[in-house]
Every structure is written in C-alpha cells, then in structure tokens.
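Working notes, beginning with the structure itself.
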Amino acid sequence: VQLVESGGGLVQAGGSLRLSCAYSGRAFSNYAMGWFRQAPGKEREFVAQISWSAGNTYYADSVKGRFTISRDNAKNTVYLQMNSLKPEDTAVYYCARDRVLYRARLAQTMPEYSTWGQGTQVTVSS
C-alpha cells in the first residue's frame, strides 16, 4: 500500500486549498482514512478522519467548520478541503490509512494508523 499526498502550497490567510491523497493498493474502501499535520517543532496532530463507508467524519476542534474530509472510493482518493486558512494551519499534512478494517468510531492517535504518506507542505501567510 502506498499513499501519495498532493495539493499543498502557499496561500494567504483566508484562502483555500484542497489536499488529495491517492491510495495505491487493495481494499481502499474497507478502511477509514485520516489526515494529520505537523508544524515545525511540534508533534504530529490529528486533523480529520473519515470512516470506511464515509458515513462518519471527525475533526479536531481547531479545524471544525473550516475543513472538510471526503473520499471517492471509485478513485481510491481521500480529500481535505481547507477553507478560511489561518497562519497556524501551516504544517506538513499527512494522510494515513487505518490499521483495522471497517472502523466507524473515532481514531485520532498515530498508532491507530498503519500506513502513511510522505506529506505535503501547506504554508499560510498572514
């Protein structure tokens, strides 16, 4: 399994970006997917998760109402739409695949994910 993120870049505060994560491998539709981020000098933190069926989504309080996670199982891709970006959203964003099948509940810790992408840089200028 391989995950490849794209869509990062430099944007002004208040702007938008859409990140994509392309999944290569089998059974994409059977796994929950998550987005995490890591700012310089800080630990990697949970951003959002979507369940395997897309019936449940979860967000960190810091992004709730501004970010939207979605998935297209036909394209083996998960997305993170980021609106009203703030300088504090600046980080490397990583997508990750759940460690277990068919998870519907929240999984917001790194050990709950088994496969990670290489990350994409998002920089928000003030």
Side-chain angles (χ1 to χ4, degrees):
V1 173
Q2 186 176 14
L3 303 175
V4 179
E5 301 95 336
S6 62
L10 174 63
V11 64
Q12 288 188 333
S16 298
L17 283 174
R18 188 176 82 153
L19 306 184
S20 299
C21 173
Y23 177 107
S24 298
R26 305 174 75 173
F28 170 75
S29 62
N30 297 342
Y31 289 93
M33 297 293 294
W35 284 97
F36 287 71
R37 66 186 182 186
Q38 187 167 16
K42 295 188 176 181
E43 294 186 351
R44 195 170 299 189
E45 64 176 4
F46 171 79
V47 174
Q49 177 207 352
I50 187 165
S51 64
W52 66 277
S53 66
N56 295 299
T57 56
Y58 305 93
Y59 298 92
D61 288 343
S62 59
V63 307
K64 203 170 293 183
R66 299 188 298 121
F67 290 10
T68 302
I69 188 171
S70 61
R71 66 190 298 159
D72 185 338
N73 287 343
K75 296 183 178 179
N76 278 13
T77 302
V78 61
Y79 303 98
L80 187 68
Q81 177 67 43
M82 305 186 297
N83 299 328
S84 302
L85 282 161
K86 305 175 181 180
E88 51 263 44
D89 294 319
T90 294
V92 178
Y93 283 72
Y94 299 89
C95 70
R97 194 199 77 175
D98 198 340
R99 186 174 298 277
V100 302
L101 290 163
Y102 304 122
R103 189 195 304 268
R105 64 171 178 82
L106 174 63
Q108 61 180 350
T109 65
M110 290 180 60
E112 293 178 287
Y113 294 84
S114 60
T115 307
W116 295 80
Q118 83 290 346
T120 186
Q121 176 70 47
V122 171
T123 303
V124 184
S125 63
S126 57

Short side-chain to backbone donor-acceptor contact, [X] and [Y], under 3.5 Å:
| X | Y | answer |
| --- | --- | --- |
| R99 | P111 | yes |
| R71 | S51 | yes |
| Q49 | R105 | yes |
| Y113 | A107 | yes |
| T90 | V124 | yes |
| R66 | S84 | yes |

| request: Take T109 and F46, measure what side-chain contact (heavy atoms from CB on, under 4.5 Å) needs, and give me the verdict at the end. | output: CA-CA 7 Å; T109 65; F46 171 79; over 6 Å; no

| said: Could you walk me through whether K86 and D89 satisfy the salt bridge (Lys or Arg N to Asp or Glu O under 4.0 Å) test, starting with their C-alpha distance in whole Å, then the side-chain angles of each, then the deciding distance to 0.1 Å, before giving a yes or no? | reply: CA-CA 5 Å; K86 305 175 181 180; D89 294 319; over 6 Å; no

Where [X] and [Y] come nearest, the two heavy atoms and their spacing:
| X | Y | result |
| --- | --- | --- |
| E5 | G117 | OE2-CA, 3.2 Å |
| L85 | L17 | CD1-N, 3.9 Å |
| A104 | Y58 | O-OH, 2.7 Å |
| T77 | S20 | CG2-CB, 4.3 Å |
| L19 | M82 | CG-CE, 3.8 Å |
| F28 | N73 | CE2-OD1, 3.1 Å |

| task | Establish, yes or no, whether a centroid distance under 6.0 Å links the rings of W116 and F36. | result |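 Here the rings of F36 and W116 have centres that are less than 6.0 Å from each other.
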
| task | Show the numbers, then the answer: is there a side-chain contact (heavy atoms from CB on, under 4.5 Å) between Y31 and L101? | result | CA-CA 5 Å; Y31 289 93; L101 290 163; 3.3 Å; yes

| request: May I have the step-by-step check of side-chain contact (heavy atoms from CB on, under 4.5 Å) for D98 and W52, ending in yes or no? | output: CA-CA 9 Å; D98 198 340; W52 66 277; over 6 Å; no

| task | Tell me whether the guanidinium CZ or amine NZ of R97 lies under 6.0 angstrom from the six-membered ring centre of Y23 and within 45° of its axis. | result |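 No - R97 does not lie over the ring of Y23 by the 6.0 Å and 45° rule.
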
Within one Ile-Leu-Val-Met-Phe-Trp-Tyr cluster: [X] and [Y], side-chain cutoff 4.5 Å:
| X | Y | answer |
| --- | --- | --- |
| V122 | Y79 | no |
| V1 | Y102 | yes |
| M33 | F67 | yes |
| W35 | I50 | yes |
| Y94 | M110 | yes |

| request: Would you indicate whether K42, at its atom NZ, is surrounded by more than 12 heavy atoms from other residues, nucleotides or ligands within a distance under 6.0 Å? | output: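 Not buried by this count: 12 neighbours or fewer within 6.0 Å.
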
| request: Can you measure from SG (C21) to CG (N76) and round to the nearest 0.5 angstrom? | output: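 So the gap between those two atoms works out to 10.0 Å.
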
| Between CZ of R103 and OG of S53, what distance do you get to the nearest 0.5 Å? |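 These two atoms lie 13.5 Å from each other.
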
